[in-house]
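In what follows, every chain begins at residue 1, and chains take the letters A, B, ... in the order their sequences are listed.
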Protein chains: 2
Amino acid sequence: MADRKNDFQKEEQVFLEHLQKAGLKRTAQRDLILEIFLRTEEHLSSEDLYWLVQKQDQSVGHTTVYRTLKLLTEAGLAREVRFGDGKTYYEHHYNHEHHDHMICTECGKVIEFFSPELEALQDAMAEKFGFKLTHHNLRILGVCSDCGKMESELYSAASGALPRVRVVSGKTK
Amino acid sequence: MADRKNDFQKEEQVFLEHLQKAGLKRTAQRDLILEIFLRTEEHLSSEDLYWLVQKQDQSVGHTTVYRTLKLLTEAGLAREVRFGDGKTYYEHHYNHEHHDHMICTECGKVIEFFSPELEALQDAMAEKFGFKLTHHNLRILGVCSDCGKMESELYSAASGALPRVRVVSGKTK
DNA sequence: CCTATAATTGAGATTTTCATTCAAAAGAAA
DNA sequence: TTTCTTTTGAATGAAAATCTCAATTATAGG
């Protein structure tokens, strides 16, 4: 645990500004929750984050973590995502490019990907119907190459212009 | 309530075949639930369908409707969809082309649309990552032209090559 | 440094959805 | 009919999301 307290100045400022605008107060709990959220580059449920916070401050309760995540979402720092297991997860939103999720229904692995073509097509689609698009949400469900026991050759062969991607997690069920 | 009992022969046969294959029995409740489901071209939650069924047969319980919807899904007659409000809805699947949803966050209106380009792009994306795609799920959230008080001119002007579409519902919140 | 005011906190309870249990009822087959 | 198996539905359970309220804490103004 080295000293890295000032890594998230921007995000903290966004949060403070949001609190101010909404007439809310800055508290130690909210600071702690924000910090731990920012330090954790994973999809977190409110429950997940609660346990991480517990490790540092036993006195913080479920409710506060839950409410603070809602606040972070309002402030534009977090984004709610659902993967179909009934739970709501949160991921970083500020300074993180929009991306979609590809989910393996076997191992639960989640791949984040970004496709400008898909984005453009969705924007165009929204415009065609007169929708003012606020955001969209694409989940591709399937079986990943590991689980499908496909040759990884297929993967590398087809990956000429592979979009930006990050493999996030393989949840064990 | 005119006599239209034999409108869904194909679907009924699909269901009966599924029951047979799975070693399950045909019952009056399942027949009734299937019939009402087929007659209702809307997104229905288990609860919604339960109340529709109740109107015709007070003795049918939640559990049976819930389980029958699962059966219909297995049989390929229904599809589960989630719109992010925590509830699970079911829509017709048999003889209904795949489509995605555009949802108005103001009035809750749901537009079903189909875009071959989007489909193709998603398929390609799945292939690039070695995913064997089972299905995908795209929700575009925004504000519809009615709620955004935009000119409907925009809509009709831009609708030169408008994809197939069906406005399903405007749920009042 | 106080005090007053308003917001926050967190344990617990409630709500909502999804899923299971089990005894009674009903279908299927001989 | 008789026997065997599946279905049914009320009740219950489990899990997540949300709310309640009394006690606590932050903040601004004296």
Side-chain angles (χ1 to χ4, degrees), chain A residues 12 15-34 36 43-75 78-90 171 173, chain B residues 12 15-34 36 43-75 78-90 171 173:
Chain A
E12 274 161 20
F15 186 49
L16 291 182
E17 273 170 18
H18 177 76
L19 289 181
Q20 196 121 56
K21 249 193 302 187
L24 304 177
K25 290 171 180 170
R26 179 180 191 175
T27 68
Q29 290 95 328
R30 286 175 177 168
D31 281 352
L32 177 63
I33 294 169
L34 171 62
I36 296 181
H43 294 122
L44 292 169
S45 68
S46 178
E47 184 74 6
D48 294 338
L49 186 52
Y50 167 75
W51 287 113
L52 290 178
V53 171
Q54 274 286 304
K55 284 202 246 173
Q56 291 200 223
D57 184 347
Q58 303 239 349
S59 76
V60 178
H62 285 91
T63 323
T64 303
V65 175
Y66 169 78
R67 280 182 292 212
T68 303
L69 276 172
K70 294 283 180 194
L71 275 183
L72 295 183
T73 304
E74 286 170 23
R79 183 164 84 116
E80 292 189 355
V81 278
R82 291 161 195 252
F83 296 126
D85 63 355
K87 291 183 198 166
T88 301
Y89 294 91
Y90 293 83
K171 295 169 211 147
K173 330 190 203 186
Chain B
E12 275 163 18
F15 186 50
L16 291 182
E17 273 171 17
H18 177 76
L19 290 181
Q20 195 123 56
K21 251 194 298 188
L24 304 176
K25 291 173 182 170
R26 177 181 192 175
T27 68
Q29 289 95 328
R30 286 174 176 169
D31 281 353
L32 177 62
I33 293 168
L34 172 61
I36 295 180
H43 294 121
L44 292 169
S45 68
S46 178
E47 185 74 5
D48 294 337
L49 185 52
Y50 167 75
W51 287 112
L52 290 179
V53 171
Q54 275 284 304
K55 283 203 242 170
Q56 291 200 223
D57 183 349
Q58 303 239 348
S59 75
V60 178
H62 284 91
T63 323
T64 302
V65 174
Y66 169 77
R67 282 183 292 210
T68 303
L69 276 172
K70 294 283 181 192
L71 275 183
L72 295 183
T73 303
E74 286 171 23
R79 184 166 84 116
E80 292 188 356
V81 279
R82 292 159 194 255
F83 296 123
D85 61 356
K87 290 185 199 164
T88 302
Y89 295 91
Y90 293 83
K171 296 171 210 143
K173 334 187 202 189

For this session: Mind checking side-chain hydrogen bond (donor to acceptor under 3.5 Å, both in side chains) for A:R82 and listing every partner two or more places apart, or none if nothing turns up?
Result: none
Seminar exercise, completed: Taken in chain and number order and not counting sequence neighbours, the residues that satisfy side-chain contact (heavy atoms from CB on, under 4.5 Å) with B:R79 are B:V81, B:E91, B:H93, B:H98, B:H99, B:H101
Seminar exercise, completed: Span of DNA chain D engaged by chain A, first through last nucleotide within the 4.0 Å heavy-atom cut-off, is D:dA16 to D:dT27
Seminar exercise, completed: Sorted by chain and number, sequence neighbours left out, side-chain hydrogen bond (donor to acceptor under 3.5 Å, both in side chains) with A:T64 holds for none
Problem set entry | Non-neighbouring partners of A:T73 that pass side-chain contact (heavy atoms from CB on, under 4.5 Å), sequence neighbours left out | A:A78, A:E80, A:Y90
Problem set entry | Which residues share a side-chain contact (heavy atoms from CB on, under 4.5 Å) with B:Q20, sequence neighbours left out | none
Problem set entry | Pairs flagged by salt bridge (Lys or Arg N to Asp or Glu O under 4.0 Å) wherever residues 47-56 of chain A is involved - sequence neighbours left out | none
Problem set entry | B:D31 side chain near B:R26 side chain, heavy-atom distance below 4.5 Å | yes
Exercise. Listed by chain and number, what are the side-chain contact (heavy atoms from CB on, under 4.5 Å) partners of B:Q54, not counting sequence neighbours?
Worked result: B:Y50, B:W51, B:Q58
Exercise. Is there side-chain contact between B:Y89 and B:L44, with heavy atoms separated by less than 4.5 Å?
Worked result: no
Problem set entry | 5'-most by nearest nucleotide on DNA chain C - A:L19 or B:Q20 | A:L19
For this session: Using the heavy-atom set of chain B and a strict 4.0 Å cut-off, write down the first and last nucleotide of DNA chain C that makes it in, 5' to 3'.
Result: C:dT17 to C:dA28
Seminar exercise, completed: Taking every heavy atom of B:I36 against every heavy atom of B:V53, the minimum-distance pair comes out as CD1-CA, 3.7 Å
Problem set entry | Min side-chain heavy-atom separation B:L49-B:T68 under 4.5 Å | no
For this session: Grab the two heavy atoms, one from B:L72 and one from B:L34, that are nearest each other, plus how far apart they are.
Result: CD2-CD1, 3.7 Å
Problem set entry | Rounded distance [0.5 Å steps], CG in B:L19 versus OG1 in B:T27 | 8.0 Å
For this session: Looking at every strand, decide which applies to B:S46 at a 4.0 Å heavy-atom threshold: base, sugar-phosphate, or nothing.
Result: nothing
Exercise. Do the side chains of B:L71 and B:L24 get nearer than 4.5 Å, heavy atoms only?
Worked result: yes
Exercise. With a 4.0 Å cut-off on heavy atoms, is B:T88 in touch with a base, just the backbone sugar-phosphate, or nothing at all?
Worked result: sugar-phosphate
For this session: For DNA chain C, determine which residues of residues 60-68 of chain A have any heavy atom closer than 4.0 angstrom to one of its atoms, and list them numerically.
Result: A:V60, A:G61, A:T63, A:T64, A:R67
Problem set entry | Touch class at under 4.0 angstrom, heavy-atom based, for B:S59 against every strand present | sugar-phosphate
Exercise. When you measure from every atom of DNA chain C, which of residues 22-30 of chain B have a heavy atom less than 4.0 Å away?
Worked result: B:K25, B:R26
For this session: Note down the inter-axis angle between the two ends of the helix from C:dC1-D:dG30 to C:dA30-D:dT1, five pairs each, to the nearest 10°.
Result: 30°
